[in-house]
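Scroll down for the structure; my scribbles are underneath it.
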4 protein chains.
Amino acid sequence: MGIEIASTVKDPERIRERREQIIQASVELFTQKGFHKTTTREIARASGLSNGALYEYVKSKEDVLYLVCRHIHQEIHERLADSLSSHERAVERLRHAVASFLSVIRDMEDEVLLIYQESKSLPHHYLREVLQNEQAITDIFVQLLQDGLQDKSIQLSAEDIPLVAHDVIVLGQLWAFRRWALRDMEFSEFVSQQTEMILRACRP
Amino acid sequence: MGIEIASTVKDPERIRERREQIIQASVELFTQKGFHKTTTREIARASGLSNGALYEYVKSKEDVLYLVCRHIHQEIHERLADSLSSHERAVERLRHAVASFLSVIRDMEDEVLLIYQESKSLPHHYLREVLQNEQAITDIFVQLLQDGLQDKSIQLSAEDIPLVAHDVIVLGQLWAFRRWALRDMEFSEFVSQQTEMILRACRP
Amino acid sequence: MGIEIASTVKDPERIRERREQIIQASVELFTQKGFHKTTTREIARASGLSNGALYEYVKSKEDVLYLVCRHIHQEIHERLADSLSSHERAVERLRHAVASFLSVIRDMEDEVLLIYQESKSLPHHYLREVLQNEQAITDIFVQLLQDGLQDKSIQLSAEDIPLVAHDVIVLGQLWAFRRWALRDMEFSEFVSQQTEMILRACRP
Amino acid sequence: MGIEIASTVKDPERIRERREQIIQASVELFTQKGFHKTTTREIARASGLSNGALYEYVKSKEDVLYLVCRHIHQEIHERLADSLSSHERAVERLRHAVASFLSVIRDMEDEVLLIYQESKSLPHHYLREVLQNEQAITDIFVQLLQDGLQDKSIQLSAEDIPLVAHDVIVLGQLWAFRRWALRDMEFSEFVSQQTEMILRACRP
DNA sequence: AATGAATGAGTATTCATTCAT
DNA sequence: AATGAATGAATACTCATTCAT
């Protein structure tokens with residue numbers, strides 16, 4: 001899944017493990033210092049690898065950024081997908097999904113910000129992939145909205161759905177990238193307001 | 001207004017002109033290549049200045065970034081403020097303000113993105129200032145919402161207003177930073193959907 | 001006296017005045033920060049001149065250093081020459097000269113150090129001149145020693161005189177360039193010890 | 001011994017070797033062109049290292065200067081200490097030490113000058129160390145003079161000893177930093193005169 | 001597979017000097 | 001005579017990447 005990254009190492013399991021280390025270390029570093037101000041030496045050291053070993057699992061610093069972005073998206077996607085409820089009415093499933101999504105955003109504030117701020121440094125082919133992953137998350141809400149259309153628990157014209165789905169995403173991400181403006185707000189308050197905002201869009 | 005940036009040049013008019021050149025050139029460069037990948041040489045050359053002259057108007061590369069961010073915010077703020085209508089009912093003034101804001105975002109897509117992606121590279125004291133400017137823009141909508149509360153054309157609990165104002169901002173900026181997902185959408189379509197979304201939040 | 005330094009300014013009196021300012025400012029700056037770490041801008045500013053005006057009275061930064069070195073030597077030479085006493089016996093005149101010389105060194109510690117540490121940065125033709133000035137000061141002691149030979153108040157073989165004169169100089173300058181080692185020593189103590197050292201060399 | 005200088009290289013033996021190269025090259029360069037006019041590129045190239053490799057063995061240009069000064073002092077100290085004779089009477093040991101010291105100064109003219117002229121460019125903590133090393137050399141003579149006091153072969157009041165020791169040093173260094181004035185003098189002549197001067201100070 | 005030393009291109013910034021006004 | 005803006009060469013230091021061992 002995603003773009004294959006070349007490695008000089010044969011054992012796939014070892015590759016998996018080492019890249020796991022690299023990703024853990026890099027998320028930490030990138031969120032703290034930013035991609036450009038993090039050196040590959042720092043990445044190697046924090047990953048428990050030597051300078052040279054790093055380049056056996058990755059061909060460039062940009063590869064690391066891609067791995068990190070992909071990993072973050074995977075985690076968000078997975079957590080969101082896992083939380084999907086099985087209420088009968090789609091609108092209820094949506095309400096739950098929004099709540100879950102907001103929780104994920106809260107837990108992964110720094111990571112969400114990281115993707116927004118650093119993904120522009122990705123080579124084009126990686127960026128495309130990353131945007132697809134972002135879309136895949138959005139599509140979860142697209143699906144829920146379509147379900148709602150079907151079961152009539154949501155009132156929207158079909159062509160409005162894509163944008164509404166994006167709206168859901170950014171209304172959630174707001175918690176991450178306007179955090180500086182929301183210092184005093186309780187997360188629960190945020191959840192109820194944003195949920196209300198979104199659900200209003202789904203009523204006639 | 002804003003943080004004073006030292007210059008070795010005495011003539012204030014000349015400083016204004018040259019910094020104007022620097023800003024124009026840098027917006028272009030930063031939006032195309034990003035702040036880190038742009039060199040000061042490129043900035044100087046594109047500004048029509050020599051390497052040395054650049055540093056007579058600015059003390060560091062970060063100064064340039066701050067000037068750029070401030071400039072962008074000023075332009076957005078000004079255009080938005082100028083467009084405020086004088087309808088009797090606040091809700092109408094809000095509707096117009098949203099429309100204007102979205103136009104501004106459309107015109108300044110790259111600049112909006114620039115601030116989101118590069119402002120993290122600012123030294124702390126500059127960043128604070130930049131965030132204040134972002135807040136100042138948000139406050140325009142805070143004011144409109146409060147007006148609406150007053151004249152009863154908007155129904156919201158007072159404590160919800162700040163977040164709604166931020167919602168307005170990100171629902172607008174969405175056009176800029178999720179542009180890749182909206183390739184097929186007409187701007188007018190975007191405007192009407194987002195306006196609807198926002199106004200729904202203001203009704204009982 | 002000394003090497004003529006070109007100037008684009010005609011009025012010799014004005015040149016004298018301005019260079020006086022330049023020298024005063026530069027002695028201060030060079031002793032504090034060293035020649036290399038002092039910029040011509042600083043020199044100009046501290047001299048009360050504009051950047052450009054500085055270069056009307058001097059052709060290069062090295063010119064300034066030369067002016068400074070010459071000025072220091074002139075002052076030392078003058079103060080030493082002025083203090084020469086008229087005792088009948090040369091050995092007494094020598095004793096007084098040594099005392100005067102040590103006073104001058106004490107008063108001009110920083111300047112003496114400056115010449116030792118920075119004169120190597122002078123272009124060759126200036127350096128030669130500066131060394132001649134240093135020699136001229138030494139020659140005052142050469143003369144006194146020769147006088148002593150003549151009047152028999154000093155016992156030395158004639159060929160030893162030049163080196164003894166240099167010894168006098170460095171035994172005096174020691175106060176300046178090993179100051180860090182003499183923190184606890186009274187100047188008067190220094191004077192009496194060094195005088196004794198020198199006079200012993202002049203006895204049979 | 002001395003201040004530890006950080007290196008990114010692990011193998012201590014390699015560090016020793018490379019720094020040796022760096023020191024050799026830098027003594028040459030610094031004595032010829034001075035510290036400020038020598039570039040780090042020149043240092044690297046003359047050391048047989050790449051630009052980057054230089055900075056694996058040293059963190060700054062000032063580090064190189066410190067290494068050079070320390071090396072010079074070490075060599076002087078070692079050669080002087082090694083030459084100490086075992087004559088019964090301290091005054092004889094002193095005479096020999098002076099002769100050895102003067103030989104060392106002659107062999108290391110440029111290096112002695114280098115320390116005098118460039119050590120002011122050292123960061124404070126390095127300068128302190130360098131002055132301590134200079135003092136350590138002086139202390140060898142302090143010790144000899146004290147021995148002489150003990151065995152009565154030298155007549156001095158105890159409190160005069162420190163300054164006399166410094167006198168010995170500068171009377172020796174004179175050969176290095178007033179070389180321009182001593183072009184015609186035989187070194188042997190210099191030795192006998194300075195030795196005589198010093199020994200006279202030690203007699204009643 | 002791993003190490004870590006080596007490479008060298010790249011970059012922000014400074015500053016002596018010039019020159020149009 | 002004076003100003004001060006402009007120039008552009010120069011330079012210490014960094015860091016992604018390679019490669020011998």
Side-chain angles (χ1 to χ4, degrees), chain A residues 7-11 14-15 18 36-45 48-64, chain B residues 7-11 14-15 18 36-45 48-64, chain C residues 7-11 14-15 18 36-45 48-64, chain D residues 7-11 14-15 18 36-45 48-64:
Chain A
S7 169
T8 62
V9 176
K10 308 286 166 185
D11 179 358
R14 176 165 289 203
I15 294 179
R18 297 291 196 231
H36 281 104
K37 287 191 187 148
T38 301
T39 67
T40 54
R41 278 172 146 84
E42 287 172 310
I43 295 171
R45 159 179 295 257
L49 297 174
S50 71
N51 260 334
L54 176 65
Y55 278 84
E56 310 231 309
Y57 295 97
V58 120
K59 288 190 334 297
S60 71
K61 199 182 169 191
E62 279 75 25
D63 279 2
V64 177
Chain B
S7 169
T8 61
V9 173
K10 304 193 171 173
D11 180 0
R14 180 167 288 211
I15 293 178
R18 297 288 194 237
H36 282 104
K37 288 193 187 145
T38 301
T39 68
T40 55
R41 278 174 141 79
E42 288 172 311
I43 295 172
R45 160 178 293 258
L49 297 174
S50 69
N51 264 335
L54 176 64
Y55 279 86
E56 307 233 305
Y57 295 97
V58 122
K59 293 189 328 298
S60 70
K61 199 182 169 192
E62 278 76 25
D63 279 2
V64 176
Chain C
S7 169
T8 61
V9 175
K10 307 286 166 185
D11 180 358
R14 176 165 290 201
I15 294 180
R18 297 291 196 231
H36 281 103
K37 287 190 187 149
T38 302
T39 68
T40 55
R41 279 171 146 85
E42 288 173 310
I43 295 171
R45 160 179 293 258
L49 297 174
S50 71
N51 260 334
L54 176 65
Y55 278 83
E56 310 231 310
Y57 295 98
V58 121
K59 290 190 333 297
S60 73
K61 200 183 170 190
E62 279 76 24
D63 279 2
V64 177
Chain D
S7 170
T8 61
V9 174
K10 304 192 171 174
D11 179 359
R14 180 168 289 212
I15 293 179
R18 296 291 195 235
H36 282 103
K37 289 192 186 145
T38 302
T39 68
T40 55
R41 277 174 143 80
E42 287 172 312
I43 295 171
R45 161 179 293 258
L49 297 174
S50 69
N51 265 334
L54 176 64
Y55 279 86
E56 307 233 306
Y57 295 98
V58 122
K59 293 189 326 299
S60 70
K61 200 183 168 191
E62 279 76 23
D63 279 1
V64 177

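These numbers come from a predicted model, not from an experiment. Letters A, B, ... are given to chains in the order of the sequence lines, protein chains preceding strands, and every chain is numbered from 1.
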Roughly how far, to the nearest 0.5 Å, is OG1 of C:Thr39 from CG of C:Asn51?
-> 8.5 Å
Look at the side-chain N and O atoms of C:Tyr55 and state whether any lies under 4.0 Å from the OP1 or OP2 oxygen of E:dT17.
-> yes
Measure from CG on B:Asp63 to P on E:dA12 and round the result to the nearest Å.
-> 14 Å
For A:Leu54 against A:Leu49, the heavy-atom pair lying closest together | CA-CD1, 4.1 Å
For A:Ser50 and A:Ala44, work out which heavy atoms get closest and say how close.
-> O-CB, 3.7 Å
For C:Thr38, answer base if it contacts any base atom (sugar-phosphate contacts may also be present), sugar-phosphate if it contacts only those atoms, and nothing otherwise; contact means non-hydrogen atoms under 4.0 Å.
-> sugar-phosphate
Assign D:Thr39 to base, sugar-phosphate, or nothing according to its heavy-atom contacts below 4.0 angstrom with the strands shown.
-> sugar-phosphate
DNA chain E in dot-bracket form (Watson-Crick or G-U pairs under 3.5 Å, [ ] crossing, | inter-strand) is .||||||||||||||||||||
Mind calculating the distance between NZ (C:Lys61) and P (F:dA10) to the nearest angstrom?
-> 16 Å
Measure from CD on D:Glu62 to C1' on F:dT11 and round the result to the nearest Å.
-> 13 Å
Taking CD from C:Glu42 and C1' from E:dT14, how many angstroms apart are they, rounded to a whole number?
-> 12 Å
Between B:Tyr57 and B:Ser7, what is the shortest heavy-atom contact and its length?
-> CA-OG, 4.0 Å
When rounded to the nearest 0.5 angstrom, what distance separates NZ in B:Lys61 from CG in B:Asp63?
-> 12.5 Å
If you restrict it to nitrogen or oxygen atoms, what contacts under 3.5 Å exist between nucleotides 1-4 of chain E and the protein, and what is each distance?
unit_1 : atom_1 : unit_2  : atom_2 : d
E:dA1  : OP2    : A:Lys10 : N      : 2.5
E:dA1  : O3'    : A:Arg14 : NH1    : 2.6
E:dA2  : OP1    : A:Arg14 : NH1    : 3.1
E:dA2  : OP1    : A:Arg18 : NH2    : 2.6
E:dA2  : OP2    : A:Tyr57 : OH     : 2.4
E:dT3  : OP2    : A:Ser50 : OG     : 3.3
E:dG4  : N7     : A:Gly52 : N      : 3.1
E:dG4  : O6     : A:Gly52 : N      : 3.4

Quick one: D:Ile43 CD1 to F:dT11 C1', roughly how many Å, whole number?
-> 12 Å
Out of curiosity, C:His36 NE2 to D:Lys37 NZ, how far, rounded to the nearest 0.5 Å?
-> 5.0 Å
Quick one: pull up CD1 in D:Ile15 and OG1 in D:Thr8 and give me the separation to the nearest 0.5 Å.
-> 8.0 Å
Between C:Lys37 (NZ) and E:dA16 (C1'), how many Å, whole number?
-> 18 Å
When you match D:Arg41 and A:Ser60 each to their closest nucleotide on DNA chain F, which lands nearer the 5' end?
-> D:Arg41
